[in-house]
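Below is one structure; the comments refer to it alone.
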Amino acid sequence: MTTEAAEYFSRELLGWYRQNKRVLPWRMNRDPYRIWVSEVMLQQTRVDTVIPYYERFMDKFPTAEALAEAPEAEVLKCWEGLGYYSRARNLQAGAQEVVSRHDGVVPDDKAAVSALRGVGPYTAGAIMSIAFNRPEPAVDGNVMRVLSRYFCLEDDIAKPSTRVSIEKLAASLIPEGAAGDFNQALMELGALVCTPKSPGCLTCPVMAHCEGRMAGKEHILPIKTKAKPPRPELRLAALVTGTGSHAGKILIRQRPDTGLLARMWELPHIAGPSIAAAEDSDMPKKRRRAGAKAEPVPQRVREEQMDILCRTLAGEERVLIRPTSWWGEAEHVFSHLVWDVQVYITEFGFMLEEAAAAQEASALLADRAAEAHAVYAWQHDAGNEPAAEAAEADNLASLPANYRWIGPEDMSNYAFPNVFLRILREYWETVD
DNA sequence: AATCCGGGGTA
DNA sequence: TACCCAGGATT
């Protein structure tokens with residue numbers, strides 16, 4: 001690679017960017033807090049998706065101090081639907097660090113910015129270059145693709161070591177005094193011209209010296225090893241309908257403080273029988289394509305699933321419900337996981353007389369009745385209430401602390417992952 | 001170095 | 001359908 005080709009690249013790309021850059025809300029000024037928020041939102045997320053979220057977020061949390069002081073639930077609600085919710089929690093933690101350690105001002109200091117929660121090598125480089133015009137590289141997926149093609153680099157960009165070497169290359173290309181524009185130019189080219197598939201070489205400002213294209217390899221670059229496919233999981237979810245004082249409401253619960261979808265709200269649900277166990281059966285293993293209609297599930301299986309769902313919630317969470325009917329299905333795709341969510345309508349509370357009658361009819365139901373009875377006794381030991389008064393458990397049973405009854409008007413107070421948003425919105429429409 | 005963490009656009 | 005995306009934290 002010649003020095004001339006590199007200088008040509010930087011010069012032409014910078015000129016192209018200054019003529020063609022998009023008007024975006026985070027390009028109004030160089031407020032480092034605004035840049036920071038935009039860069040975090042843009043992690044693994046497209047510009048068009050981010051824009052409306054960014055507008056709402058900056059309207060609600062215009063400064064690091066405002067974000068630092070906000071209740072976390074409000075921040076999550078503002079992030080609802082955007083995904084990777086740890087970004088929101090880390091961003092707020094970072095804002096709190098800025099307030100407590102840097103007097104509310106994002107520091108013009110690479111080490112200090114890198115130390116902020118949720119700020120990694122890319123985001124640190126982006127903030128330092130775009131907000132402060134410091135000559136730091138900001139290497140994301142776009143930049144790795146553009147540079148892999150232009151310099152015909154055949155290293156696997158899935159390897160961390162490749163990102164490090166490309167960072168050194170990117171740093172060497174930054175024109176004097178133009179770090180912010182140049183880094184954005186690299187990403188803008190990757191987003192608008194040097195796209196993953198069918199790159200627009202004919203409109204590319206640096207096509208003339210692109211080594212990847214000259215080698216005829218622009219379509220196979222960058223080299224990237226494939227990720228493992230996500231594993232499928234069956235989830236059984238309960239739309240628990242309230243009665244009495246909770247008529248018209250349904251039951252939701254909050255997830256734990258850590259792990260998947262931390263502190264988000266959801267329908268109570270459990271993991272279904274493992275996929276592996278299902279495939280051990282003599283059923284034909286048909287791979288269902290996403291978007292295709294599911295195989296019809298036999299009523300027998302529906303009843304088994306309802307039963308497992310009710311018994312498990314009673315046994316593990318002390319939530320007493322009884323099955324009503326199958327409601328529908330929803331899919332939720334994570335990067336490493338696919339949930340097949342089967343949703344069942346259930347009623348809150350459990351009538352002991354009914355359970356006793358069922359005891360004679362079915363061994364499975366007998367198990368549930370026995371468990372429910374035990375749970376009921378556990379709940380009412382303290383009060384010494386006679387079991388006969390269990391008919392309206394609705395008003396007697398207390399819920400675990402992470403459970404809430406909500407109506408449609410309460411949706412704006414809780415942050416849900418998309419799959420439960422879809423289910424709940426559709427459900428509220430049908431009950432109206 | 002591998003895994004976990006969402007969701008949506010694209011060809 | 002497969003791939004990709006303005007990645008970072010954890011282990």
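Everything numeric in this text was worked out from a predicted model, so none of it was measured. Letters A, B, ... are given to chains in the order of the sequence lines, protein chains preceding strands, and every chain is numbered from 1.
If you take atom C1' in B:dG9 and the same atom in C:dG8, they sit 23 Å apart, rounded to whole Å. Taking the P atom of each, C:dA9 and B:dG8 are spaced 24 Å apart, rounded to whole Å. Distance check on atom C1': C:dC3 versus B:dG6 gives 16 Å, rounded to whole Å.
Positionally, the nearest nucleotide of DNA chain B for A:Pro160 lies more toward the 5' end than for the other of A:Leu261 and A:Pro160. If A:Asp48 and A:Leu260 are placed on DNA chain B by their nearest nucleotide, the residue sitting closer to the 5' end is A:Leu260.
A:Ile252 places a side-chain heavy atom less than 4.5 Å from the side chain of A:Phe416.
Residue A:Lys226 is in sugar-phosphate contact alone, with no base atom involved, counting any heavy-atom pair closer than 4.0 Å across all strands shown. Residue contacts shown for A:Leu337 are absent, as no nucleic acid heavy atom lies under 4.0 Å away.
Of the listed nucleotides (C:dC3, B:dG8, B:dG6), B:dG6 has the atom at the smallest distance from the side chain of A:Tyr85.
In this structure, A:Trp339 atom CH2 and B:dG6 atom P are separated by 9 Å, rounded to whole Å. Here B:dG6 presents its C1' atom at 15 Å from CZ of A:Arg235, a figure rounded to the nearest Å. Regarding A:Ile220, its CD1 atom lies at a distance of 15 Å from the P atom of C:dC3, rounded to whole Å.
Salt bridge status for A:Glu188 with A:Lys21: absent, with no side-chain N to carboxylate O gap under 4.0 Å.
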- Task: Sugar-phosphate means primed atoms, P, OP1 and OP2; the rest is base. With that split, encode nucleotides 4-11 of chain C 5' to 3' as B, S or - using protein heavy atoms under 4.0 Å.
- Result: BBBBSSS-

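Listed pair A:His336 / B:dC5 meets the phosphate criterion, a side-chain N or O lying under 4.0 Å from OP1 or OP2.
For the pairing with A:Leu42, the side chain to side chain contact (heavy atoms under 4.5 Å, CB included) check across A:Val37, A:Val47, A:Thr123 returns one residue only, A:Val47.
Contacts of A:Arg422 classified as salt bridge (Lys or Arg N to Asp or Glu O under 4.0 Å), with partners at least two apart in sequence or in another chain: none.
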